[in-house]
Amino acid sequence: MRTIDDLLGEQDLRGRRVLVRSDLNVPLDDQGRITDDGRVRASVPTIAALTEAGARVVVCAHLGRPKGSPEQKYSLAPVAERLGELLGRPVALAEDTVGESARAVVDGLQDGQVALLENLRFNPGETSKDDAERGAFADQLASLADLYVSDGFGVVHRKQASVYDVARRLPHVAGTLVQAEVDVLQRLTHDPARPYVVVLGGAKVSDKLGVIESLLTTADKLLIGGGMAFTFLKAQGYEVGRSLLEQDQLDPVRGYLQQAAERGVEILLPTDVVAATEFAADAEHEVVPADAIPADRLGLDIGPESARAFAAAVEGAKTVFWNGPMGAFEMVPYADGTAAVAKALVAATRAGAFTVVGGGDSAAAIRQLGFADDDFSHISTGGGASLEYLEGKELPGLSVLEDSGPVSGGKE
Ligand code: ADP
Ligand code: MG
């Protein structure tokens, strides 16, 4: 995979238009203000390296889930403003993706200046399953630039026009963020320092089942909390009341428990849970043993005994990967389990372990709980992408960068 450094070492970027696919998919509040600018900050190094080299930088990204046509609430306008502040130079926002406004804005760029196209998902070609429709959009995107830099790690598992098809149309390299994320994932999959402990939580078991299967061959311990723990508890024969449960996943989960036992991989499940009467911050709640969850209650956090056991396992590790909060941490009464695991990761980091946090909500949780980014070895910007990588799947946005083609081209 060729990188920005290769590009800078090989050619003068002054006068060259470089299309950068960034991941700027930040959460907005109902006033349209950015509530966590982590992804914008993570996109800055690549863009800054290109502007410093004199390139004319055309950034493209998506925000939220518009359905293939413009919707004001998904405009990248707040992102353009924040990106400009962080770069210390204005960012010109086009009013469309590949239309007249985009062309005019790109044509107006001087060396070292930055433009941002409007939300890529305002165009149905971006996410289309139809190769021709996606390709047509990618043609238009490619016509705006001479070179392509793939830096949206959060989307590299998607076969989308701005991620995959455009890389087939322009000389391309990986940006510094994609490069850093891939380095971290390689470290997790190629001979990780042991013990290697993985903590999984969050809401949807089915999204994370595939990764469990492959983690059973690499990790030494698997700690399972969050909503997904209840499918595991139920698979072991416990009643889980009204807790999150994926009935159709019980059989695969039983399979994993058995495989883990055969391979000597320890699976830690909660032994106690915080059981509430409702999914609400002010609901009545109490700590109960995991095998005695009342039928009318739902488990919204791991209990203190589980939190201690999970923390001890994490603190004893040399490598830790954590994806998914331990409870409904957005509500104060159910944030303790997530905070305990986060604290244990910080302690492990200080003791020299390699610690990685992946997942949008997990990253938001540690920031909400007041931890700093450098309390951990790495905070991944792409939850889905990192899980699919760990699962051993092929990521279209990464494999397309492998067959590199010439990085020069365009202007002779
Ligand atoms: P990530 O984005 O880090 O991959 P997920 O999206 O899988 O994490 O899950 C995050 C969500 O899971 C959070 O919004 C949190 O409130 C929710 N959650 C965690 N534990 C529970 C639980 N026991 N019951 C219901 N929701 C939960
Ligand atoms: Mg999430």
Side-chain angles (χ1 to χ4, degrees), residues 23 25-27 35-36 38-39 64-65 153-155 157 181 198-212 215 223-234 238-246 249 269-281 283 285-288 290 293-294 297-304 306-307 310 320-342 345 355-369 371 376 378-391:
D23 178 4
N25 189 22
V26 291
T35 54
D36 178 1
R39 283 176 162 163
R65 293 177 181 272
F153 179 72
V155 286
H157 58 317
E181 295 273 9
V198 174
V199 191
L200 289 180
K204 278 199 113 188
V205 198
S206 44
D207 280 1
K208 303 188 183 185
L209 270 184
V211 78
I212 292 179
L215 287 170
L223 321 187
I224 296 183
M228 65 190 296
F230 299 99
T231 303
F232 279 77
L233 291 171
K234 178 84 179 176
Y238 299 151
E239 290 308 322
V240 297
R242 291 161 51 224
S243 306
L244 271 189
L245 174 63
E246 288 187 54
Q249 303 297 338
L269 296 174
T271 53
D272 57 351
V273 306
V274 179
T277 52
E278 294 300 333
F279 189 85
H285 58 271
E286 62 179 341
V287 175
V288 299
I293 301 173
R297 293 212 174 199
L298 57 168
L300 291 182
D301 195 10
I302 59 173
S306 314
F310 282 23
V320 187
F321 175 73
W322 175 26
N323 176 290
M326 295 294 98
F329 73 93
E330 296 92 340
M331 297 181 278
V332 174
Y334 318 114
D336 290 353
T338 302
V341 166
L345 258 87
T355 58
V356 180
V357 182
D361 291 293
S362 309
I366 56 180
R367 293 191 182 114
Q368 178 191 309
L369 292 165
F371 296 98
F376 308 88
H378 182 76
I379 300 176
S380 176
T381 51
S386 44
L387 287 177
E388 288 198 15
Y389 187 102
L390 293 179
E391 205 175 320

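Sequence positions, counted from 1, serve as the residue numbers for this chain. All ligand and atom numbering here is 1-based and tracks the order in the structure.
In this structure, the side chains of Ile293 and Phe230 come closer than 4.5 Å at one or more pairs of heavy atoms. Phe153 is not listed as a side-chain neighbour of Asp23, based on a closest heavy-atom distance of 4.5 Å or more. You'll find the side chain of Thr338 reaches within 4.5 Å of the side chain of Trp322, heavy atoms only. For the pair Phe371 and Ile379, the minimum side-chain heavy-atom distance is 4.5 Å or more. Annotation: side chain of Arg367 is in contact with side chain of Asp36 (closest heavy-atom distance under 4.5 Å). You'll find the side chain of Tyr389 stays beyond 4.5 Å of the side chain of Glu181, heavy atoms only.
Between Val288 and Ala275, the shortest heavy-atom contact is CG2-CB, 3.9 Å. When all heavy atoms are compared, the tightest approach of Pro270 to Ser306 is CA-OG, 3.4 Å. The minimum heavy-atom distance between Thr277 and Ala283, with the atom names listed, is OG1-CB, 3.6 Å.
The N, O or S atom of Asp361 with the smallest distance to the Mg ion (ligand 2) is OD2.
Both the backbone and the side chain of Leu300 come within contact range of ligand 1, each with a heavy atom under 4.0 Å. Residue contacts with ligand 1 for Asp207 are absent, since no atom lies close enough (heavy atoms, distance under 4.0 Å). Residue Tyr334 does not touch ligand 1, judged by heavy-atom distances below 4.0 Å.
At under 3.5 Å, a nitrogen or oxygen of Gly227, whether backbone or side chain, sits near a nitrogen or oxygen of ligand 1. Checked by distance only, ligand 1 and Gly202 stay at 3.5 Å or farther apart across all their nitrogen or oxygen atoms.
Heavy-atom proximity to Gly299, at under 4.0 Å, picks out these atoms of ligand 1: 22 (C), 23 (N), 24 (N). Near Gly324, with a cut-off below 4.0 Å to any heavy atom, the atoms of ligand 1 are 3 (O), 8 (O). With ligand atoms numbered from 1 in the order given, ligand 1 contributes 20 (N), 23 (N) to contacts under 4.0 Å with heavy atoms of Gly226. Atoms of ligand 1 lying under 4.0 Å from at least one heavy atom of Phe230, given by number and element, are 23 (N). Short contacts between ligand 1 and Gly359, defined as distances under 4.0 Å to a heavy atom of the residue, involve ligand atoms 1 (P), 2 (O), 3 (O), 4 (O).
Ion pairing between a basic and an acidic side chain is recognised when a charged N comes within 4.0 Å of a carboxylate O; Glu246 and Lys234 show no such pairing.
Put simply, no part of Gly383 is less than 4.0 Å from ligand 1, judged by heavy atoms.
In this comparison of Met228, Glu330, Lys208, the heavy atom closest to atom 16 (O) of ligand 1 sits on Glu330.
Nearest protein heavy-atom neighbour of atom 18 (N) of ligand 1: Gly327 O, 3.8 Å. Closest to atom 6 (O) of ligand 1 among all protein heavy atoms lies Asp361 OD2, 2.9 Å. The protein heavy-atom contact nearest to atom 3 (O) of ligand 1 is Ser362 OG, 2.5 Å.
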